[in-house]
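A short worksheet on the structure shown next.
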Amino acid sequence: MPTHLLNRRRHSPRPALPLMEGIALEHGRTHEACGPARHRFALWLAAAATGPVLWLSPPRGGRQLNPDGLAACASPARFLFVQAARTEDQLWAMEEALRSGAAALVVAELSEPPAMTPVRRLHLAAEAGGRFGPAPLGLLLTPGQGGAQGIESRWHLAPAHHRAAHNRLACDDSAGSQSCWSLQRLRARTLPPCSWLVLQAAAGGALRAVPASPAATDPALTAQGLPQALPHGQADEQTSALPHPQAALAAPAPP
């Protein structure tokens, strides 16, 4: 009877799309973005990617993106917008687009997170799309805190522009930043939850991520108060540590 044993052979890492320093999303997989600024996250990925971008709008109630607003991130000529009649049609179109490899990035705005089976099909399609070139990347935009099953990674982005002029960072050159967002990695297959403050000096300018407090990985805490950036000497130590285990439950009282 054949058996499959673990070995010490190193597996080559999957190519990834670098979004900013220290943050990258793997090609050939489908990821999820949630939060009030999730569309901004998709535009950041579009700016980082090379090639066409397919954007699947929701069946009803969706608002088309303004090309004038897109121009600050990426050329509107790279975008192809498709509006499907049903959510099932959105997922079908996304799967076919990923399998073809014709688009570098495929984005789908969904009204609710999909189940495990559609996400699994999207992963397989994205892997197949890299047969004749770079594998595409899929991104699901979901409301609230997300929750797509089997997703490669889940990201939460929220505006924090009032922090731009008052952020407590080690680098003084960011004091005049015009825009600021709170970015959280809520889930990833091989990485722990983490949180950053993303700074942009001007519209369309370069993005810079500064590690924030690990407590900010909970979106509920961010809604109450945005995370304070850590001092320069503590940032790497805090963000590289795994989450602390929960305390043991107390023993039941004797009868």
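- For Arg131, there are no salt bridge (charged side-chain N to carboxylate O under 4.0 Å, His left out) partners two or more places apart in sequence or in a different chain.
- In this structure, the separation between NE2 on His156 and CD on Gln145 is 4.0 Å, given to the nearest 0.5 Å.
- For the pair Arg86/Asp89, a side-chain contact is recorded, criterion being any heavy-atom separation below 4.5 Å from C-beta on.
- Between the CG atom of Leu139 and the CZ atom of Arg29 there is a distance of 14.5 Å, given to the nearest 0.5 Å.
- Other members of the cluster containing Leu191 do not exist, because no ILVMFWY side chain is joined to it at under 4.5 Å.
- Between the side chain of Arg40 and the backbone N or O of Leu157 there is no donor-acceptor pair closer than 3.5 Å.
- In this structure, Glu88 places its CD atom where more than 12 heavy-atom neighbours from other residues, nucleotides or ligands lie under 6.0 Å away.
- Side-chain contact, Trp155 with Ser153: a donor N or O sits under 3.5 Å from an acceptor N or O.
- Evaluation of the side chain to side chain contact (heavy atoms under 4.5 Å, CB included) rule for Glu96 yields Trp92, Arg99 as partners, not counting sequence neighbours.
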>> Is there a side-chain contact (heavy atoms from CB on, under 4.5 Å) between Trp55 and Leu105? Walk through the geometry before answering.
In response: CA-CA 8 Å; Trp55 194 291; Leu105 174 65; over 6 Å; no
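- Nearest approach of Pro143 to Ser111, heavy atoms of both residues: CG-O, 3.2 Å.
- Between the His27 side chain and the Ala135 main chain, a donor and an acceptor come within less than 3.5 Å of each other.
- Closest approach of Pro113 to Thr142, counting heavy atoms only: CA-CG2, 4.0 Å.
- With sequence neighbours excluded, the residues satisfying side chain to side chain contact (heavy atoms under 4.5 Å, CB included) with Arg154 are Glu32, Cys34, Ile151, Leu186, Arg187.
- Atoms CG and CD, from Leu207 and Gln200 in turn, are 5.0 Å apart once rounded to the nearest 0.5 Å.
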Using a 3.5 Å cut-off and no angle test, enumerate the donor-acceptor pairs between side-chain atoms of residues 75-82 and protein atoms at least two apart in sequence or in another chain.
| residue | atom | partner | partner atom | Å |
| --- | --- | --- | --- | --- |
| Ser75 | OG | Ala77 | N | 3.3 |
| Arg78 | NE | Gly51 | O | 3.0 |
| Arg78 | NH1 | Ala46 | O | 2.9 |
| Arg78 | NH2 | Ala46 | O | 2.9 |
| Arg78 | NH2 | Ala49 | O | 3.2 |
| Arg78 | NH2 | Gly51 | O | 2.9 |

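- Here Leu197 contributes atom CG and Leu183 contributes atom CG; the two are 9.5 Å apart, rounded to the nearest 0.5 Å.
- Following chains of ILVMFWY side-chain contacts shorter than 4.5 Å, one cannot reach Leu43 starting from Met94, and the two form parts of different hydrophobic clusters.
- Heavy-atom minimum distance, Pro159 versus Pro36: CD-CG, 3.8 Å.
- Across every non-hydrogen atom of Ala48 and Pro18, the tightest pair is CB-O, 3.5 Å.
- Looking at every heavy atom in both residues, Pro118 comes nearest to Ala115 through CD-O, 3.3 Å.
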> Could you walk me through whether Trp196 and Gln184 pass the side chain to side chain donor-acceptor pair (under 3.5 Å) check?
Replying inline: CA-CA 6 Å; Trp196 298 266; Gln184 302 169 35; over 6 Å; no
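- Residues passing the ring-ring contact (aromatic ring centres under 6.0 Å, His included) test with Trp44, sequence neighbours excluded: Trp181.
- Between His123 and Gly150 the shortest heavy-atom distance is NE2-O, 2.8 Å.
- Residues His31 and Glu26 have side chains that never bring a donor and an acceptor to within less than 3.5 angstrom of each other.
- The NE2 atom of His39 sits 6.5 Å away from atom CG of Leu65, with the distance rounded to the nearest 0.5 Å.
- Leu199 contributes atom CG, which lies 9.5 Å from atom OG of Ser179 (distance to the nearest 0.5 angstrom).
- Hydrophobic clustering of Ile, Leu, Val, Met, Phe, Trp and Tyr side chains at less than 4.5 Å, counting indirect connections, unites Leu98 with Leu110.
- Using a 4.0 Å cut-off between charged side-chain N and carboxylate O, Arg189 and Glu152 make a salt bridge.
- Within the 4.5 Å cutoff, the side chain of Ile23 has heavy atoms near those of the Met20 side chain.
- One hydrophobic cluster holds both Val107 and Leu17 under the rule that ILVMFWY side chains link at heavy-atom gaps under 4.5 Å.
- In the hydrophobic clustering of ILVMFWY residues, with side-chain heavy atoms under 4.5 Å counting as a link, Leu54 and Leu91 come out together.
- Hydrophobic clustering keeps Val106 apart from Leu45 (ILVMFWY residues linked when any side-chain heavy atoms are closer than 4.5 Å, directly or through intermediates).
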